[in-house]
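Report on the following structure.
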Amino acid sequence: MSEQIRVRFAPSPTGPFHIGGARSALFNWLLARKYPNGKLILRVEDTDQARSTKESEENIKESLKWLGLTWDEGVDAGGDYGPYRQMERLDIYKKYAQKLIDEGKAYYCYCTEEEIVKEREALMKENKMPIYQGHCRNLTQEQIAQYEAEGRKPTIRFRTPENQAVEFEDLVRGHMNFDSNGVGDFVIVKADGIPVYNFAVVIDDALMKISHVIRAEEHLSNTPRQVVLYEALDFAVPKFAHISLILGKDHSKMSKRHGATSVEQYKNLGYLPEALVNFLALLGWAPQDEQEIFTIDELIKAFSMDHVAKNPAVFDIDKLNWLNAQYMKKLSAEKITMMAIPHLVEKGYLKEAVSTDEMAKLVRFTEIIRDHLSYGAQYLEFADLYFKDDIVVEDDEAKQVLLDETANDVMALFQQKLAALEEFDAAHIQPIFKQVIKELKVGGKKVYMPLRVAITGQMHGPDLAGIIEVLGYDKMLSRMQNTMSAF
RNA sequence: GGCGCCUUCGUCAAGCGGUUAAGACACCGCCCUUUCACGGCGGGUUCAUGGGUUCGAAUCCCAUAGGCGUCACCA
């Protein structure tokens, strides 16, 4: 790849930014950054007027920025090949469509949508390839006049050459070979004058001098259509790379029922962009060595299209969680706390303004629970430990623990020793557990469990001494007493 | 249905004709911590099936099966 690398990410702004799109964007970005003069172009494919929205475009751009995937050219960045929004390039497409018509390589088609659907269904029934049968391929002037008189608005169809091999190179899949007879004459401009994806994408990629088209596998079957257009327009064909799809746990295409699918959702759940990028890079690509955790620079250095997998990949949330936890370990407790505060406020645990004193305690609380967190939103699962004073004992097993014959003695002694403590922190609380064990001659479980359940209502959780520290003596005592009074 | 792509542990995957078929996540077990977690150590009939080619096949070829994509005036 010695020539200049110009890659593009060309989303259609028709919904929230999907995780699969993020991976396509990432692979493009990685390639652009890997090579000295590499450029990433962001182009918005908004020709679907019914579904395209400005909000989606903003969402995509914000998500890209959040992930750190910056673009060099395109929407909001400018460049020499603009405009970069397809709806702003209509005159360009019109010019090329006219050129094809003038050269006899495209024609007006007056068939209605219903007629086309009927034709396709009939063909499917006969087990034939459902392609356009060429009804309007060679219309006479009279027929055209007749249709015009009826008020039909024509589409423009490309006259696909027959009996021809359509070939192209795919960086992931190798040499591709299709039969042009399976392509058929397809619409390039809709009746309303807006170009169709397959047409606009070819003109834009060619005019924007894109060297590598890296996109999802769902576009693979579309590529022959684009290749015949490149040839008809006398454009140089770029290199293609069709990366496989991201699947849900049941091996079907990732959708809402598999959980979070948009970048924004992961952001809101408190995942770190570096972790998500790292995870996405490892979906469909593997390094030459055994490294799992990559800084961005390491990723750029190690990444190569040569090692992009052909087979689709299942989105493994467990691995994402693990990776995110690894990245969270590098964060300070202050930072994690700051990230959690808006969510705590939203759930009513905290008031908007947090005092310095409160903040310090919160940070301490973060230190105690942080090993249990894979992603930010899990902070809320532990918030009750700190904020909720009326304890609900979680289940019968936990209740059993409180009914244990030594439970009362344990609690009484523990509380008494705690009251005498001068420095009320985890480091000083910890030895008290051991003293109680020793003096009462009971097992560790008999000490920790009743106390844990009485103070938190739960059998499992973060370090008990730490929890007691952040609670403080009074709060701990009242929780314990309230819980025990019910037994 | 046509066309096309794909198929190595549950999952992500290494592997490019000779390997005890890496590693990671998850899972299970043990250790550490007299709680919990973190951490450490260890474990597992993984090459879809059937035919070739070859001294030798996860690797090459051909079938079959399954999965997915696409056949839009969506992208």
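What you see is a predicted model, and the numbers here were worked out from it, not measured in a lab. Residue numbering restarts at 1 for every chain, and letters A, B, ... go by the order of the sequence lines.
Taking the side-chain hydrogen bond (donor to acceptor under 3.5 Å, both in side chains) definition, one finds that T406(A) meets it with D404(A), sequence neighbours left out. Taking the ring-ring contact (aromatic ring centres under 6.0 Å, His included) definition, one finds that Y386(A) meets it with F365(A), sequence neighbours left out. In this view, Q430(A) and Y448(A) satisfy the side-chain hydrogen bond (donor to acceptor under 3.5 Å, both in side chains) rule, not counting sequence neighbours.
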Can you name the atoms? Protein N/O to nucleotides 6-8 of chain B N/O, anything below 3.5 Å, with the distance.
none

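Annotation: of the two residues near RNA chain B, R23(A) and E113(A), the 5′-most nearest-nucleotide partner is R23(A). Each of D316(A) and C109(A) has a nearest nucleotide on RNA chain B; the 5'-most of these lies closest to D316(A).
Taking atom C1' in both rC47(B) and rU59(B), the straight-line distance is 10 Å, to the nearest Å.
Using modelled atom types and a 3.5 Å distance limit, the side chains of Y197(A) and D48(A) yield no donor-acceptor pair. If you check the side chains of Q133(A) and E119(A), you find no donor sitting under 3.5 Å from an acceptor. T337(A) and Y379(A) form no side-chain donor-acceptor contact under 3.5 Å, judged by distance and modelled atom types alone.
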Summarise protein proximity over nucleotides 35-42 of chain B in one line of letters, 5' to 3': B for base, S for sugar-phosphate only, - for none, counting protein heavy atoms closer than 4.0 Å.
BBSS----
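The nucleotide whose nearest atom lies closest to any side-chain atom of V196(A) is, among rC5(B), rA75(B), rA13(B), rA75(B). Relative to the side chain of D318(A), the nucleotides rA75(B), rA26(B), rG4(B) differ in distance, and rA26(B) lies closest. In the set rU11(B), rA72(B), rA13(B), rA72(B) carries the atom at the smallest distance from any side-chain atom of R120(A). Here the nucleotide nearest the side chain of F178(A), chosen from rA13(B), rG4(B), rG15(B), is rG4(B). When each of rC5(B), rG69(B), rC12(B) is scored by its nearest atom to the side-chain atoms of K319(A), the top-ranked nucleotide is rC12(B).
Considering only side-chain N and O atoms, H307(A) lies nowhere under 4.0 angstrom from the phosphate OP1 or OP2 of rA13(B). Under 4.0 angstrom from either OP1 or OP2 of rA75(B) there lies at least one side-chain N or O belonging to T47(A). Between K253(A) and rG67(B) there is no side-chain polar atom (N or O) within less than 4.0 angstrom of OP1 or OP2. Within the 4.0 Å cut-off from OP1 or OP2 of rC12(B), not a single side-chain nitrogen or oxygen of K249(A) is found.
Residues of residues 129-136 of chain A having a heavy atom closer than 4.0 Å to RNA chain B, listed by number: M129(A), P130(A).
I243(A) is listed as a side-chain neighbour of S24(A), based on a closest heavy-atom distance under 4.5 Å.
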